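Structure first, commentary second.
Quick caveat, the model's predicted, so the values are computed rather than measured.
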Amino acid sequence: MKKFFTGIIVASIFLMASPTDAATTHVQIDQVVVKSDVAPEIKNNRTMVPLRVISENLGAQVQWKDAQITLSTDEATVILNVKNKTVIKNGNVEQLDVQPYVKSNRTFVPLRFIAETFGSQVEYSQGSISITSTPLLLDNEQIKTLRYEYNMAKGGEMQFIKGHAYHQAIYKVLQEQKGEQVEAPKDYYWRFNLETVGSYTKLAQYDFLNQDNTSVEQYDIYELNQSFPAEELAPYPTFLLHDFNKNVWYVFTEKELKAIQQILDNATNNGFTTK
């Protein structure tokens, strides 16, 4: 039975170090060194990092209301205020050792407190913070990498995405935002078919790979070939999602495609994507 853990783990560490040490501290999330234009800092022996580390690399949703910050996953919610040590953790009021603050146009938050809230696993060794978040589990197998193939009509290009949060987020879109189940198209392929009305071309392929780099689940997205009059194409959905393992087809939309692309862009910008 598949288990899909939507809760994305937010992580940190209790680090005994000087401000000079903090400037050279490397933060790794799921074995990837996190890119940040602002380095972590130490305040009262607590590691403080830019909020973006949480919102993008660890999958927490962020909401702002004036100076109030709400961080949430499917499992927990934390409400913090800039320049205030009082927080609300899952409905309970608590006090931080260090208050969030703004510096260099970045909001810094205490990661240790958030880590305890969301149950992260953190290790510190020789100036490096190693954070392991909760992996996506499919058929009781941990997903290590997402293999993303695109530009299929041109022969295909490939990227490998690390970071459990990105795996979770993309899988969630594929599972929760798909439309109604439909019959398989009569004609679908990697390249354009200019002869058949209602034919589809593959846009992208998503392979969720286990620790042995073997595909556990594969999902393909197809687009309707538009080289025919609009009235002839009217009965056909523009996009289809194919669950390759089950051989089941679903309606998909451009909105969901853009949502996945935004996740992939964040992964690339933050150094979680390789070719």
Could you tell me which non-hydrogen atom of [X] sits nearest to which non-hydrogen atom of [Y], and how far apart they are?
X: Pro110; Y: Leu96; result: CG-CD1, 3.9 Å
X: Gln68; Y: Thr70; result: NE2-OG1, 4.1 Å
X: Leu224; Y: Pro237; result: CB-O, 3.6 Å
X: Ala165; Y: Leu58; result: CB-C, 3.6 Å
X: Asn225; Y: Ser199; result: ND2-OG, 2.6 Å

Report yes or no: do [X] and [Y] belong to one cluster of Ile/Leu/Val/Met/Phe/Trp/Tyr joined by side chain heavy-atom distances under 4.5 Å?
X: Val251; Y: Phe244; value: no
X: Val216; Y: Leu241; value: yes
X: Ile221; Y: Tyr236; value: no
X: Val53; Y: Ile129; value: yes
X: Ile143; Y: Leu264; value: yes

For this session: Report yes or no: is the cationic atom of Lys43 (NZ for Lys, CZ for Arg) under 6.0 Å from the centre of the six-membered ring of Tyr101, at an angle within 45° of the ring normal?
Result: yes
I need the [X] [atom1] to [Y] [atom2] distance, nearest 0.5 Å.
X: Leu138; Y: Asn210; atom1: CG; atom2: CG; answer: 10.0 Å
X: Leu209; Y: Arg147; atom1: CG; atom2: CZ; answer: 5.0 Å
X: Gln61; Y: Ser55; atom1: CD; atom2: OG; answer: 9.0 Å
X: Asn84; Y: Ile79; atom1: CG; atom2: CD1; answer: 12.0 Å
X: Glu141; Y: Leu136; atom1: CD; atom2: CG; answer: 11.0 Å
X: Ser104; Y: Glu41; atom1: OG; atom2: CD; answer: 7.5 Å

Is the shortest heavy-atom distance from the side chain of [X] to the side chain of [Y] under 4.5 Å?
X: Thr196; Y: Lys186; answer: no
X: Asn81; Y: Ile69; answer: no
X: Leu80; Y: Pro100; answer: yes
X: Ile161; Y: Thr145; answer: no
X: Pro185; Y: Trp249; answer: yes
X: Phe108; Y: Val102; answer: no
X: Gln175; Y: Tyr219; answer: yes
X: Met158; Y: Lys275; answer: no

Return yes if some donor-acceptor pair links the side-chain N/O of [X] with the main-chain N/O of [Y] below 3.5 Å, else return no.
X: His164; Y: Ser133; result: yes
X: Asp207; Y: Tyr148; result: no
X: Glu217; Y: Ser215; result: no
X: Tyr166; Y: Glu56; result: yes
X: Asp212; Y: Thr214; result: no

Are more than 12 heavy atoms from other residues, nucleotides or ligands located less than 6.0 Å from atom [atom1] of [X]?
X: Gln226; atom1: CD; result: yes
X: Gln63; atom1: CD; result: no
X: Gln31; atom1: CD; result: no
X: Gln181; atom1: CD; result: yes
X: Glu254; atom1: CD; result: no
X: Tyr189; atom1: OH; result: no

For this session: Please test Val33 against Lys35 for side-chain contact (heavy atoms from CB on, under 4.5 Å), starting from the C-alpha separation and ending with a verdict.
Result: CA-CA 6 Å; Val33 176; Lys35 289 184 178 180; over 6 Å; no
Problem set entry | Verdict with reasoning, Leu257 to Leu203, per side-chain contact (heavy atoms from CB on, under 4.5 Å) | CA-CA 10 Å; Leu257 277 173; Leu203 285 182; 4.3 Å; yes
For this session: Kindly determine whether Asn57 and Asn270 satisfy side chain to side chain donor-acceptor pair (under 3.5 Å), including the steps that lead there.
Result: CA-CA 7 Å; Asn57 294 329; Asn270 292 315; 3.2 Å; yes
Problem set entry | Stepwise side-chain contact (heavy atoms from CB on, under 4.5 Å) test for Gln262 and Asn266 | CA-CA 6 Å; Gln262 183 61 60; Asn266 289 341; 3.1 Å; yes
Do the charged groups of [X] and [Y] touch, with an N to O distance under 4.0 Å?
X: Asp265; Y: Lys258; value: no
X: Asp30; Y: Lys162; value: no
X: Lys202; Y: Glu149; value: no
X: Arg106; Y: Asp37; value: yes

For this session: Could you please spell out the steps behind the side chain to side chain donor-acceptor pair (under 3.5 Å) verdict for Asp220 and Gln218?
Result: CA-CA 7 Å; Asp220 306 323; Gln218 175 184 322; 3.0 Å; yes
Problem set entry | Worked verdict on Thr77 versus Leu71 for side-chain contact (heavy atoms from CB on, under 4.5 Å) | CA-CA 6 Å; Thr77 299; Leu71 306 176; over 6 Å; no
Exercise. Strictly under 6.0 Å, is that where the ring centroids of Tyr222 and Phe239 end up?
Worked result: no
For this session: Would you please indicate if the ring centroids of Phe252 and Tyr250 are separated by under 6.0 Å?
Result: no
For this session: Classify the ring geometry between His167 and Phe208 as parallel (under 30°), tilted (30 to 60°) or perpendicular (over 60°).
Result: perpendicular
Exercise. Is there a ring pair (Phe, Tyr, Trp, His ring centres under 6.0 Å) between Trp190 and Tyr200 once you walk through the steps?
Worked result: CA-CA 8 Å; Trp190 286 26; Tyr200 285 80; over 10 Å; no
